[in-house]
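This report concerns only the one structure given below.
Letters A, B, ... are given to chains in the order of the sequence lines, protein chains preceding strands, and every chain is numbered from 1. Computed from a predicted structure; not experimentally measured.
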Protein chains: 2
Amino acid sequence: MSLLVQPAYSNSVRTSLEPFFHEGDALFPLKAVSTSLHFSRNQTIFNEGDVARYSYKLLEGGVRLCKIRPDGRRQIAEFVLPGDVFGFALDEEYSLTAEALGDVIVLRWPRGQVERLAEELPALRKELMAMLCRELSAAQEHLVMLGRQTAKERVASFLLLIANRRDAGNGDPLLLPMGRQDIADYLGLTIETVCRALTDLKRERLIEIPDRHHVELRNLAALEDVAEGGE
Amino acid sequence: MSLLVQPAYSNSVRTSLEPFFHEGDALFPLKAVSTSLHFSRNQTIFNEGDVARYSYKLLEGGVRLCKIRPDGRRQIAEFVLPGDVFGFALDEEYSLTAEALGDVIVLRWPRGQVERLAEELPALRKELMAMLCRELSAAQEHLVMLGRQTAKERVASFLLLIANRRDAGNGDPLLLPMGRQDIADYLGLTIETVCRALTDLKRERLIEIPDRHHVELRNLAALEDVAEGGE
DNA sequence: CGCCCTATTGAGATTCATCAACTGCGGTGG
DNA sequence: CCACCGCAGTTGATGAATCTCAATAGGGCG
């Protein structure tokens, strides 16, 4: 019998600041059964509905986890950054599609290994639970963004969100491994609306945009105001 | 040490079709340490940020789990129906506010009891994992609704969602324990838009609305078409 | 140098929110 | 028993936010 049961889903959670497994990491025991793989831009790592044979940890690059509807509408549930674990399916099938944002290196291990190890290792179980919880908590915040924030608020929140995932925001420009369309699909907006919001923020001197994959947050407090709907 | 760690959050998952704990239910061991409580309409069961001392199972009525922003904007993350477990916080604090939709009876047990029991009972651990997964999966679907569906599609999806949670939809009218404003706050819409969408669906003979807390789904296939964006 | 892809900007259309009036039901009290 | 009140829901008219469609700009690569 397996610890990992019932419903399908995928997730991604930062387990440590270092992309690779280290001694002391609750997932370290998986290192022995892991192999690394490369994917390039827009390549599919797994599809929603695929049999979930593996779980993954992102070492380099960025990944989007999304749902794609029959008519092509796409909703990105989450961006995976280096160090995050994803494709953490607990059912037979992945509940999200994973695609590479650019060049990507992942570590991958058979799902069954986790189930087996978790039986023996309480620390691993705890870490799994903790990852699920962080996942869920993030999804709840995401719901608020999509349901109750304006376009500009969402874009500001998004920038702050990415900034907070990077280890303790310093002053230098934030790396955005995803394109504008990806941001739009994460925020439930169109690419044009995302652009306009970014342009607005730039005009108001809250951010700088040295190039399309970098944003410098020049006024965190003001950005937070915008994100919270402060006029 | 506890199995339940790190991040705050609350959830609600149907564990069985019967509201109460039964032998065979993985959560049955909790029955002995549970007490039952009553709440009435709009009463708060717990607040986001409260220290999470208890977890709950809903026996009767309905509960909303929501986030409320400083400016009053509200996003409902989930409706709790009889049989669902919620307030399942894994951190020190609840990450959502729980409020009664009407008269409510809940079963409640100290969170610590779950942690202790989970150490010993693999079946309970599995059930906890399974609940988290269902929770997360539901949140992902919810994200798609909010991010990529039109008002009418959302309302149709919502009705189908509630219908599917009730045990195997029969023909008779669906009970909606929540008010129109609650539906709006779940769907990221205004109350007026929800009304208009319902009226539309009624005009098109897809539903009947005998009274404000009941909806009869008269054409499931057509409703599903609407929900999926079929014109 | 030129092409392709992505991003940006602009103009007009559409959806949904806002504001306001009205309806219907349930409860209360004369 | 009936009139009134209050709240939740519905409907209507208008406006704002966002989407759509179209044109332009900019960067990277052959």
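- Residue contacts for R154(A): at a heavy-atom cut-off of 4.0 Å it reaches no nucleic acid atom on any strand shown.
- Checking the phosphate oxygens (OP1, OP2) of dC19(D), no side-chain nitrogen or oxygen of R73(A) falls inside 4.0 Å.
- Side-chain N/O atoms of E48(B) and S95(B) include no donor and acceptor closer than 3.5 Å.
- Which of dT11(D), dA22(D), dT10(D) sits closest to the side chain of R180(B) comes down to dT10(D).
- At dT9(C), one or more side-chain N or O atoms of T199(A) fall inside 4.0 Å of OP1 or OP2 (strictly under the cut-off).
- We find that R73(A) and E153(B) are joined by a salt bridge, their nearest charged nitrogen and carboxylate oxygen being less than 4.0 Å apart.
- Counting to the nearest Å, the P atom of dG12(D) and the CG atom of D200(B) are 11 Å from each other.
- Salt bridge annotation for K67(A)-E141(B): present, with a cationic side-chain nitrogen under 4.0 angstrom from a carboxylate oxygen.
- Applying the 4.0 Å criterion to OP1 and OP2 of dG26(D), one finds that R212(A) has every side-chain N and O outside that range.
- With dC19(D), dC16(C), dT8(C) as the candidates, the nucleotide lying closest to the side chain of L189(B) is dC16(C).
- Side-chain N/O atoms of R41(B) include one lying less than 4.0 angstrom from OP1 or OP2 on dA8(D).
- Between the side chains of S40(A) and Q43(A), at least one donor N or O lies within less than 3.5 Å of an accepting N or O.
- Look at CE on M145(B): it is 13 Å from P on dC16(C), rounded to the nearest Å.
- Dashed line: the shortest gap from a side-chain N or O of T193(A) to OP1 or OP2 of dT18(D) is not under 4.0 Å.
- One interatomic measurement links the two molecules: NE2 of H213(A) to C1' of dG28(D), which rounds to 11 Å at whole-angstrom precision.
- Atom CG of L101(B) is separated from atom P of dA8(D) by 13 Å (rounded to the nearest Å).
- Rounding to whole angstrom units, CG of residue L176(A) and P of dA7(C) are separated by 11 Å.
- Taking the charged nitrogens against the carboxylate oxygens, K152(B) and E204(B) do have a contact shorter than 4.0 Å, which makes a salt bridge.
- For C195(A), the listed nucleotide lying nearest its side chain is dT8(C); candidates were dA17(C), dT10(D), dT8(C).
- We find that CD of Q181(B) is positioned 12 Å from P of dT10(D), with the value rounded to whole Å.
- Residue-level contact check: R203(A) touches neither bases nor backbone, having no heavy atom under 4.0 Å from any strand.
- Rounded to an integer number of Å, the gap from R196(B) CZ to dT23(C) P is 16 Å.
- Along DNA chain C, the nucleotide nearest R148(A) and the nucleotide nearest V194(A) are compared for position; the residue whose nucleotide lies closer to the 5' end is V194(A).
- Between I183(B) atom CD1 and dG9(D) atom P the separation is 8 Å, expressed in whole Å.
- L198(B) comes within contact range of no nucleotide atom at all, as no heavy-atom separation falls under 4.0 Å.
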